[in-house]
Peer 1: 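One structure follows; several queries about it will come next.
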Amino acid sequence: MGTAASAHVVVIGAGVVGVSTAIWLRRAGVNVTVVDRVKPGSASSTSYGNAGVLAACSVAPVTAPGLVRKSPKMLLDPDFPLFLRWSYLPKLMPWLLKYLSHANDRDTRRIAGSLTPIIYDSPSQHEALAKGTDAEKWLVNADYSFAYPSKAAFEADAYTWMLRRLAGFEPDVLQGGDINDFEPALSDKIGLLAVMHDHGYVRDPGQYIAALAVEAEKLGAVFVQAEVKDFSFADGQVSSVITSQETIDCTQVVLATGVWSGDLARKLGLAVPLESERGYHIVFQAAEHGPRTPMMITSGKFVATPMRAGLRCAGVVEFGGVDAPPSKAPLELLHRKVRETFPNLTFEKEESWLGHRPAPSDSLPLIGEIGASGVFAGFGHHHIGLTAGPKTGRILAGLISGERQNIDLSAYDPQRF
């Protein structure tokens, strides 16, 4: 690639992966231009709307053994947080069959083992990225708890906890009066808390991403608000990025536009089985009598996180593509589960949001160079985008600047499909 001074990398996407890559590239002395349709941290970006947790222990994929057998009942149960826009099913089906093919013990252990290296040290990776910048103030060290209705429900989740233990995560288990001592806001319908220490969260993901982008600019990165249309190549290597505003010459490209990366990857001859797993959140603004630290409410599969604006309750899974408007049923279920879990919650007003988790069919992100094209993938992080973003950016910057990597990247090979 030549020296860092002669290189010019175009990062497509100003979410957490994109801005992290830009910062680490600039720290290595590499010239960077970041291109996105929207401003960093804006409400229409996926990085804006997550649950905010630095979920270092979230190694277990959704495709656990038994999912194929259970999924029809899940879809038909109005109290289960899995939804499908049935009109989208014909388009979804090829991806869904690939996705469900991994719902076995061998693949689940393999996927969990491959997720572990990019998320187990998430809090320290975020600290390394943000320390000494204006973004640092949004980071909080905190416990991360899993709330179960009963000990039996926790024990029914034994397979997932086995995967977490294999990754080095062991919970403190609280029952009875210890639950109320730990978190007084919880309803008496919560019979067990599994508490993970040494985690963290972001008090305002949108502001955090925006502050990281400001830091990248301070370091010399250039931000361009435009839509990427195509690439130009010379002798098989990317030579420019064609946008709606201008053509930008480059030596390398990082593709980090989440679920929208699939269309651009196709221009490179790469067909990635990638779908939107639609996620919702509700922010209860100026909330009181909510949790003091983030917690996953397992009965509703949502995370409640105390943020700057109020209590953000984020989660639920819906398949329906990127174009359809928000559905009512997921938000209604989220409301119902929040009221059940935090019966004394008060707030001034609420705001709902829909975003798109980029879900590859094997639940593993794409990280690394696409062939010898000079285009590097950094997308497909499913549920762990915020968690893994800084480390992914660091890996990509290292690959481009010639740093030796101390992690086996074969599991994330963009051409594995």
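Numbering starts at 1 and runs along the sequence shown.
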Peer 1: If only atom types and distance count, is the side chain of Ser47 paired as donor or acceptor with the main-chain N or O of Val16 below 3.5 Å?
Peer 2: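 Yes; at least one donor-acceptor contact below 3.5 Å.
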Peer 1: Checking side-chain hydrogen bond (donor to acceptor under 3.5 Å, both in side chains) for the pair Gln207/Arg308: CA distance, chi angles, key distance, verdict?
Peer 2: CA-CA 10 Å; Gln207 290 294 322; Arg308 177 186 63 88; 6.0 Å; no
Peer 1: Between His199 and Phe169 (judged by ring centroids, cut-off 6.0 Å), do the two rings come close enough to count as a pair?
Peer 2: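 Between Phe169 and His199, which both carry aromatic rings, the centre distance is below 6.0 Å.
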Peer 1: With no hydrogens and no angle check, is any side-chain donor or acceptor of Ser373 less than 3.5 Å from a backbone partner on Glu369?
Peer 2: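 Absent.
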Peer 1: Going by the rule side-chain hydrogen bond (donor to acceptor under 3.5 Å, both in side chains), which residues pair with Arg357 if we only count those two or more places apart in sequence or in a different chain?
Peer 2: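 In terms of side-chain hydrogen bond (donor to acceptor under 3.5 Å, both in side chains), with neighbours along the sequence ignored, Arg357 is linked to Glu277.
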Peer 1: What residues form a side chain to side chain contact (heavy atoms under 4.5 Å, CB included) with Ser124, not counting sequence neighbours?
Peer 2: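 Expected list: Asp121.
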Peer 1: Does the cation-pi check pass for Arg312 over Tyr201, that is, NZ or CZ under 6.0 Å from the six-membered ring centre and within 45° of its axis?
Peer 2: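 Because its charged atom misses either the 6.0 Å distance or the 45° angle limit, Arg312 does not stack over Tyr201.
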Peer 1: How far does NZ of Lys218 sit from OG1 of Thr133, to the nearest 0.5 angstrom?
Peer 2: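 Spacing of NZ (Lys218) from OG1 (Thr133) equals 7.5 Å.
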Peer 1: The criterion is side chain to side chain contact (heavy atoms under 4.5 Å, CB included); which residues satisfy it with Asn141, sequence neighbours excluded?
Peer 2: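 For Asn141, no residue satisfies side chain to side chain contact (heavy atoms under 4.5 Å, CB included) once neighbours in sequence are set aside.
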Peer 1: Is the backbone N or O of Ser240 less than 3.5 Å from a side-chain atom of Ser232, with the two atoms forming a donor-acceptor pair by type?
Peer 2: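 A pair under 3.5 Å: no.
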Peer 1: Side-chain atoms of residues 405-417: list all donor-acceptor pairs with protein atoms under 3.5 Å, sequence neighbours left out, distances to 0.1 Å.
Peer 2:
residue, atom, partner, partner atom, Å
Gln405, NE2, Glu403, O, 3.3
Asp408, OD1, Ser410, N, 3.0
Asp408, OD1, Ser410, OG, 2.9
Asp408, OD2, Ser410, OG, 3.3
Tyr412, OH, Ser114, O, 2.5
Asp413, OD1, Gln415, N, 2.9
Gln415, OE1, Gly371, N, 3.0
Arg416, NE, Asp362, OD2, 2.7
Arg416, NH1, Pro365, O, 3.4
Arg416, NH1, Tyr412, O, 3.4
Arg416, NH1, Asp413, O, 3.1
Arg416, NH2, Asp362, OD1, 3.0
Arg416, NH2, Asp362, OD2, 3.4
Arg416, NH2, Leu364, O, 2.6

Peer 1: Taking the side chain from Ser45 and the backbone from Gly15, do they hold a donor-acceptor pair closer than 3.5 Å?
Peer 2: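 No.
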Peer 1: Under the 3.5 angstrom rule, does the side chain of Arg278 hit a backbone N or O of Ala324 as a donor-acceptor pair?
Peer 2: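 Yes, because the side chain of Arg278 sits within donor-acceptor range (under 3.5 Å) of the backbone of Ala324.
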Peer 1: Output the distance between atom OG1 (Thr387) and atom OH (Tyr120), rounded to the nearest 0.5 Å.
Peer 2: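 Those atoms lie 14.5 Å apart.
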Peer 1: Where the side chain of Arg164 meets the backbone of Gly168, is there a donor-acceptor pair that is under 3.5 Å apart?
Peer 2: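 Not confirmed, Arg164 side chain does not pair with Gly168 backbone.
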Peer 1: Taking side chain to side chain contact (heavy atoms under 4.5 Å, CB included) as the definition, give me every residue that meets it alongside Thr243, ordered by chain and number, with sequence neighbours left out.
Peer 2: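 With sequence neighbours excluded, Thr243 shows a side chain to side chain contact (heavy atoms under 4.5 Å, CB included) to Val35, Ala226, Val228, Val241, Gln245, Glu246, Ile248, given in chain and number order.
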Peer 1: Could you check Ile119, Thr46, Leu386, Val17 and say which one makes a side chain to side chain contact (heavy atoms under 4.5 Å, CB included) with His381?
Peer 2: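 With His381 as partner, side chain to side chain contact (heavy atoms under 4.5 Å, CB included) holds for just one option, Val17.
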Peer 1: Under the side-chain hydrogen bond (donor to acceptor under 3.5 Å, both in side chains) rule, collect the residues that match up with Thr298, sequence neighbours excluded.
Peer 2: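 side-chain hydrogen bond (donor to acceptor under 3.5 Å, both in side chains) list for Thr298, sorted by chain: empty.
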Peer 1: To the nearest 0.5 Å, what is the distance between CG (Asp230) and CG (Leu268)?
Peer 2: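 Rounded to the nearest 0.5 Å, the CG-CG separation comes to 8.5 Å.
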Peer 1: Measure the OG1-CG distance between Thr392 and Leu366 for me, rounded to the nearest 0.5 Å.
Peer 2: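 Result: 11.0 Å between the selected atoms.
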Peer 1: Applying side-chain hydrogen bond (donor to acceptor under 3.5 Å, both in side chains), name anything that partners Ser145, two or more places apart in sequence or on another chain.
Peer 2: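 For Ser145, no residue satisfies side-chain hydrogen bond (donor to acceptor under 3.5 Å, both in side chains) once neighbours in sequence are set aside.
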Peer 1: Please report the C-alpha distance between His8 and Asp249 in whole Å, then the side-chain angles of each, then the deciding distance to 0.1 Å, and finally whether the side-chain hydrogen bond (donor to acceptor under 3.5 Å, both in side chains) criterion is met.
Peer 2: CA-CA 8 Å; His8 179 204; Asp249 292 336; over 6 Å; no
Peer 1: Any chance you could measure Ile23, atom CD1, to Glu217, atom CD, to the nearest 0.5 Å?
Peer 2: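 Between atom CD1 of Ile23 and atom CD of Glu217 there are 11.0 Å.
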Peer 1: Please enumerate all residues that pass side-chain hydrogen bond (donor to acceptor under 3.5 Å, both in side chains) together with His126, with sequence neighbours excluded.
Peer 2: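 For His126, the residues satisfying side-chain hydrogen bond (donor to acceptor under 3.5 Å, both in side chains) (neighbours in sequence not counted) are Tyr208.
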Peer 1: List in chain and number order the residues that pass side chain to side chain contact (heavy atoms under 4.5 Å, CB included) with Ala309, two or more places apart in sequence or in another chain; answer none if no residue qualifies.
Peer 2: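 Result, side chain to side chain contact (heavy atoms under 4.5 Å, CB included) vs Ala309: Val283.
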Peer 1: Could you tell me which residues satisfy ring pair (Phe, Tyr, Trp, His ring centres under 6.0 Å) with Tyr99, sequence neighbours excluded, listed by chain and number?
Peer 2: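 With neighbours one apart ignored, the set is Trp95.
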Peer 1: Could you tell me whether the side chain of Thr341 and the main chain of Val338 form a donor-acceptor pair under 3.5 Å?
Peer 2: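 It does not hold such a pair.
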Peer 1: Once ring pair (Phe, Tyr, Trp, His ring centres under 6.0 Å) is applied, do any residues pair with Phe231, and if so which ones, sequence neighbours excluded?
Peer 2: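 None.
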Peer 1: How many angstroms lie between CD in Glu340 and CD1 in Ile190, if you round to the nearest 0.5 Å?
Peer 2: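 So the CD of Glu340 and the CD1 of Ile190 are separated by 9.0 Å.
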Peer 1: Listing request: all side-chain hydrogen bond (donor to acceptor under 3.5 Å, both in side chains) pairs with a residue in residues 68-90, at least two apart in sequence or in separate chains.
Peer 2: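 Sorted pair list: Asp79-Arg336, Arg85-Ser327, Tyr88-Glu275.
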